[in-house]
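Reading through the structure tokens given below for one structure.
None of the values given here were measured: they were computed from a predicted structure. Letters A, B, ... mirror the listed sequences (proteins, then strands); counts begin at 1.
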Protein chains: 2
Amino acid sequence: MGASYYQFCPVAKAMELLDERWTLLVIRELIAGSDRFNDLRRGLPRMSPTLLSKRLKQLQRAGVLERRVVDGESRYVLTEAGLELRPVVEALGAWGIRWVGDLGDRDLDPKLLLWDMRRHVDRAAVPAGRTVVNFEFSDVSASRRWWMVIGDEDVDVCDDDPGLEVDVLLRARLRDLISVWMGDTSWRTALFSGGVVIEAPSVVRRRFPSWFTLSEFAVVPRPA
Amino acid sequence: MGASYYQFCPVAKAMELLDERWTLLVIRELIAGSDRFNDLRRGLPRMSPTLLSKRLKQLQRAGVLERRVVDGESRYVLTEAGLELRPVVEALGAWGIRWVGDLGDRDLDPKLLLWDMRRHVDRAAVPAGRTVVNFEFSDVSASRRWWMVIGDEDVDVCDDDPGLEVDVLLRARLRDLISVWMGDTSWRTALFSGGVVIEAPSVVRRRFPSWFTLSEFAVVPRPA
DNA sequence: CGGTATCCCCGTCGATACTG
DNA sequence: CAGTATCGACGGGGATACCG
């Protein structure tokens with residue numbers, strides 16, 4: 001665990017655990033539903049596996065999560081104490097989206113956007129069977145093309161061509177699509193401005209935005 | 001500011017600012033009402049003045065607080081963005097008091113307890129005029145005696161004898177008094193067990209607990 | 001897939017002294 | 001009261017390679 005503040009204040013005691021770099025983002029991922037080591041890594045691409053392993057052990061010791069091994073597969077599951085960190089994460093996110101200034105270019109990671117969109121596919125809104133969406137980002141140097149394969153059971157994301165027929169081609173400036181995702185811009189506005197372009201049969205094109213629920217922070221009201 | 005996570009997620013952006021050591025405790029102090037450099041230091045006794053100064057500048061740059069100089073005295077005042085961190089601090093404290101295990105001896109700082117009690121004197125409950133409370137902690141090595149002088153206008157705390165007549169002598173094990181303060185033990189139980197002893201005329205002794213509202217986290221329900 | 005092992009750098013933080 | 005100045009260590013964490 002982190003260094004002690006030597007205070008009995010519960011805020012200080014909580015922060016002794018939570019103020020260490022990456023810790024709360026690991027918890028965010030667990031709350032978002034990831035429970036396997038490599039899935040956690042996908043949501044934390046710049047965190048080294050060594051450090052992730054260390055953080056998981058710390059959180060286990062602190063009683064925030066449990067490691068369960070079933071059939072040789074290990075899962076990280078939040079305890080009751082861990083689940084109760086949801087209000088902390090929500091309060092932080094609500095504050096962040098209201099008060100953190102503009103995002104830097106380095107913050108705009110298509111990998112993370114796709115990973116987050118993957119979690120927010122509204123399966124009921126997407127046509128049954130397999131649907132392939134191809135993303136093309138105009139303002140990204142490497143890995144400008146991504147594919148999302150929405151199946152009946154699960155959703156896959158990759159950055160190499162799976163060789164499947166594409167149902168929707170979405171061309172966008174990454175910053176503009178993220179702006180929609182975070183609720184700063186409506187689909188309507190982004191499509192009108194041309195920052196986001198959906199290429200598909202018109203009926204599909206109109207329905208496409210409903211396939212995804214946006215980031216949970218998109219609904220947070222912004223300061224006047 | 002702290003190192004970037006290179007994520008657009010608002011939780012990550014918030015934590016870039018807030019995950020640095022001491023930062024959220026500085027904000028806690030500001031929310032609690034301290035606004036002068038040396039008052040902040042009183043609530044953060046193990047933080048070096050250099051680091052406090054640095055954190056205040058960072059928070060200023062982040063738009064969380066403003067420094068105001070009036071008549072040569074500087075005050076640190078939370079902005080609207082800063083005030084909105086209250087839910088974050090509250091969520092952290094509520095989690096901490098529910099889920100952080102027992103406090104270590106090093107966490108039991110009489111200086112911090114007295115400073116916190118000072119902020120929670122219910123002036124209306126204390127007799128008018130000057131009231132002097134003398135605290136004596138049986139289990140503290142240095143500075144085992146403290147004085148709290150409750151005046152009509154303000155409350156002072158010190159660890160050297162002000163030479164005033166004492167109205168109440170409170171003898172306690174520090175751990176037991178903190179347990180009362182945090183809502184883990186009732187006054188009734190602590191007094192009955194002898195962990196806390198109030199020496200004063202009986203009418204004063206019975207009213208004494210009502211002189212202080214406890215820590216704001218005392219009312220948080222505990223896990224079964 | 002699910003992690004460990006190592007290595008080393010650099011920045012944070014703590015301690016202390018000092019100033020207007 | 002309200003901070004600065006200086007300095008050193010120490011260890012967190014980033015990078016990379018590797019293993020079962």
Nearest-neighbour nucleotide for the A:Glu73 side chain, D:dA2, D:dA15, C:dG2 considered
C:dG2

Students often get this wrong, so: under 4.0 angstrom with heavy atoms, is B:Arg46 touching a base, only sugar-phosphate, or nothing?
nothing

B:Asp19 atom CG is separated from C:dT12 atom P, nearest whole Å, by 11 Å

When we call it a touch if two heavy atoms are under 4.0 Å apart, what does A:Arg67 touch: a base, just sugar-phosphate, or nothing?
sugar-phosphate

Between B:Ser53 and B:Lys57, a side-chain donor and acceptor under 3.5 Å:
yes

Side-chain donor or acceptor of B:Ser53 under 3.5 Å from a matching atom on the base of D:dA2?
no

Between D:dG14 and A:Arg21, is there an OP1 or OP2 to side-chain N/O distance shorter than 4.0 Å?
yes

Thinking salt bridges, do B:Arg130 and B:Asp167 make one under a 4.0 Å N-O criterion?
no

Given atom CG of B:Asp71 and atom C1' of D:dA2, what is their separation to the nearest angstrom?
15 Å

B:Arg175 to A:Phe8, cation-pi by 6.0 Å centre distance and 45° axis angle
no

Row check, A:Phe217 ring normal vs A:Arg98 NZ/CZ: under 6.0 Å, within 45°:
no

Nucleotide D:dT4, atom C1' - distance to CZ of B:Arg55 in whole Å
17 Å

Checking D:dA5, D:dG14, C:dG3 against the side chain of B:Thr50 (C-beta onward), the nearest is D:dA5

Which comes earlier along DNA chain C counting from the 5' end, the contact point of A:Tyr76 or that of A:Ala3, where each point is its nearest nucleotide?
A:Tyr76

Give one of base, sugar-phosphate or nothing for A:Arg36, where a contact means two heavy atoms less than 4.0 Å apart.
sugar-phosphate

Considering only D:dG13, C:dG14, C:dG3, which nucleotide approaches the side chain of B:Leu51 most closely?
C:dG14

What is the distance from CZ of B:Arg41 to P of D:dC1, rounded to the nearest Å?
10 Å

To the nearest angstrom, the CG-P distance between B:Leu40 and D:dA2 comes to 9 Å

Along DNA chain D (nearest heavy atom to each residue), the more 5'-positioned of B:Gly72 and A:Met47
B:Gly72

Starting at atom CG of B:Leu56, determine the distance to atom C1' of D:dC1, rounded to an integer number of angstrom.
15 Å

Looking only at side-chain N and O atoms, does A:Lys54 come under 4.0 Å of OP1 or OP2 in D:dG12?
yes

Check every strand shown and say whether A:Arg75 touches a base, only sugar-phosphate, or nothing at a heavy-atom separation below 4.0 Å.
nothing

Could you state the CG-P distance from A:Leu44 to C:dG2, rounded to the nearest angstrom?
15 Å

Please report the distance, rounded to the nearest Å, between CD in B:Glu20 and C1' in D:dG13.
14 Å

So does B:Asp35 pair up with B:Arg75, basic N to acidic O under 4.0 Å?
yes

Does A:Lys57 have a side-chain nitrogen or oxygen under 4.0 Å from the phosphate oxygens OP1 or OP2 of C:dT4?
yes

As a test of reading the structure: which of C:dG3, C:dG14, D:dG14 is closest to the side chain of A:Trp22, going by heavy atoms?
D:dG14

When you compare the side chains of B:Gln58 and B:Arg55, does any donor N or O come within less than 3.5 Å of an acceptor on the partner?
yes

Counting side-chain heavy atoms from CB outward, which of D:dG3, D:dC1, C:dG3 is closest to A:Ser74?
C:dG3

